[in-house]
Amino acid sequence: MSDETTATVDPAQMTGLELLRWMGTQVNDRPSIGRLLGMEMREVNEGSVSFSLTPRADFSNPLGTVHGGICATLLDSVMGCAVHTMLPAGVGYTTLELKLNYIRTVPLDGDELTAHGSVIHVGGRTATAEGKVLDKNGKLVAHGTTTCMIFR
């Protein structure tokens, strides 16, 4: 982000939905997990988000398939960001609990994975969300739930 862009935008004054939508319009050259893994924002709506990434050799486990931590990070990101879309300006959150189920291995063939996260409940102190990771054919790779702590 350029100094001019950052000077005109105060993230603390934006709702979670506004902030994520704004971030989707920016060239993201700031270090982040999304940049490191090559995540791309696909959709950002109130209560739901979708991100994608393309597995690469650096994501391999000792068996030569995509390490489970890649799907875990995708799920943590989409579920947390889905919660973030529901929060007012100046309110933050963090993952309190993450539960994942792995359904099938993911080959390192360069085919895109897409993760979808959606809110189940947002309360005063905690929020819950669910998510799925799908392969290029729409087959379920992993799914999970999260509980997030809300900071007001």
Side-chain angles (χ1 to χ4, degrees), residues 1 6 9 11-12 14-61 65-123 125-152:
M1 285 185 270
T6 350
V9 173
M14 302 171 86
T15 67
L17 180 61
E18 291 167 340
L19 179 60
L20 287 170
R21 285 184 172 164
W22 175 78
M23 288 176 67
T25 67
Q26 303 303 300
V27 174
N28 190 358
D29 56 359
R30 282 185 18 217
S32 69
I33 192 67
R35 186 183 82 168
L36 178 67
L37 296 182
M39 281 188 214
E40 293 185 28
M41 239 182 243
R42 295 295 182 204
E43 289 184 36
V44 176
N45 298 303
E46 187 174 316
S48 67
V49 301
S50 296
F51 297 168
S52 66
L53 66 72
T54 301
R56 56 184 192 262
D58 289 335
F59 296 174
S60 68
N61 61 27
T65 58
V66 173
H67 188 281
I70 299 300
C71 286
T73 302
L74 258 175
L75 284 166
D76 188 37
S77 297
V78 296
M79 293 186 297
C81 285
V83 166
H84 196 186
T85 66
M86 303 296 290
L87 300 180
V91 176
Y93 71 98
T94 191
T95 301
L96 188 60
E97 180 267 341
L98 187 65
K99 165 68 171 91
L100 306 178
N101 293 285
Y102 297 99
I103 305 304
R104 61 179 38 89
T105 60
V106 178
L108 289 166
D109 57 9
D111 286 335
E112 186 174 79
L113 295 175
T114 303
H116 305 282
S118 58
V119 167
I120 298 170
H121 171 78
V122 177
R125 294 184 183 172
T126 61
T128 57
E130 60 190 357
K132 296 178 182 181
V133 177
L134 307 173
D135 68 13
K136 72 170 185 164
N137 298 314
K139 286 189 172 185
L140 185 64
V141 170
H143 63 94
T145 57
T146 190
T147 302
C148 295
M149 183 184 311
I150 298 172
F151 303 117
R152 297 191 184 267

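Sequential numbering from 1 along the given sequence is applied to the chain's residues.
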*CZ/Arg35 to CD/Glu40 distance, rounded to the nearest 0.5 angstrom?*
14.5 Å
*Distance-only, no hydrogens or angles: does the Tyr102 side chain make a donor-acceptor pair with backbone N or O of Gly68 under 3.5 Å?*
yes
*Ignoring hydrogens and geometry, is there a side-chain-to-backbone donor-acceptor pair from Arg56 to Leu108 under 3.5 Å?*
no
*Using the side-chain contact (heavy atoms from CB on, under 4.5 Å) rule, take Glu46 and Met86 through it: C-alpha gap first, then chi angles, then the decisive distance, then the call.*
CA-CA 6 Å; Glu46 187 174 316; Met86 303 296 290; 3.5 Å; yes
*So, do Leu113 and Ser52 sit near enough that their side-chain heavy atoms are less than 4.5 Å apart?*
no
_Do the side chains of Arg42 and Glu112 get close enough for a salt bridge, i.e. N-O under 4.0 angstrom?_
yes
*Without swapping roles, check the side chain of Thr145 against the backbone of Ala129 for a donor-acceptor pair under 3.5 Å.*
no
*Is it true that atom CZ of Arg152 has more than 12 heavy atoms of other residues, nucleotides or ligands lying nearer than 6.0 Å?*
yes
*Determine, stepwise, if the pair Leu75 / Val133 fulfils side-chain contact (heavy atoms from CB on, under 4.5 Å).*
CA-CA 7 Å; Leu75 284 166; Val133 177; 3.6 Å; yes
*Looking at CZ of Arg21 and CD of Glu43, how far apart are the two atoms once the value is rounded to the nearest 0.5 Å?*
10.5 Å
_Non-hydrogen atoms of Val49 and Ala82 that approach each other most closely_ = CG2-N, 3.9 Å
*Can you check side-chain contact (heavy atoms from CB on, under 4.5 Å) on Phe151 and Val91, steps first, answer last?*
CA-CA 6 Å; Phe151 303 117; Val91 176; 5.8 Å; no
*Apply side-chain contact (heavy atoms from CB on, under 4.5 Å) to the pair Thr65 and Val106, showing each step before the final yes or no.*
CA-CA 6 Å; Thr65 58; Val106 178; 5.9 Å; no
*Can you tell me if Glu18 uses its side chain to pair, donor with acceptor, with the backbone of Thr15 under 3.5 Å?*
yes
*Write down the atom of Val83, the atom of Cys148, and the distance for their closest heavy-atom approach.*
CG2-SG, 4.1 Å
*Do other residues, nucleotides or ligands put more than 12 heavy atoms under 6.0 Å from the CD atom of Glu97?*
yes
*asked:* Please check: side-chain N/O of Asp135 versus main-chain N/O of Asn137, any donor-acceptor pairing under 3.5 Å?
replied: yes
_Heavy-atom closest contact (Leu37 atom, Phe59 atom, distance)_ = O-CZ, 3.5 Å
*Distance in Å, Thr85 OG1 paired with Leu17 CG, rounded so as to fall on 0.5 Å steps*: 6.0 Å
*Closest heavy-atom contact between Ser77 and Met39?*
OG-CE, 3.5 Å
*Would you confirm whether Arg125, through its side chain, and Met149, through its main-chain N or O, come within 3.5 Å as a donor-acceptor pair?*
no
*Could you check if a side-chain atom of Leu53 sits within less than 4.5 angstrom of a side-chain atom of Ile70, using non-hydrogen atoms only?*
yes
_Using 0.5 Å steps for rounding, measure from the OG1 atom of Thr25 to the CG atom of Leu20._
11.0 Å
*Side-chain contact, heavy-atom cut-off 4.5 Å: His143 with Glu130?*
no
*Reported NZ-to-OG1 distance for the pair Lys136 and Thr54, which is rounded to 0.5 angstrom*: 11.5 Å
*Taking all non-hydrogen atoms of both residues, which atom of Val66 and which atom of Pro55 are closest, and how far apart?*
CG2-CB, 3.6 Å
*Between His116 and Ser50, is any side-chain donor less than 3.5 angstrom from a side-chain acceptor?*
yes
*Inter-residue atom distance Leu96.CG - Thr146.OG1, 0.5 Å rounding*: 8.0 Å
*Nearest non-hydrogen partners of Leu100 and Ala72, listed with the distance*: CD1-CB, 3.2 Å
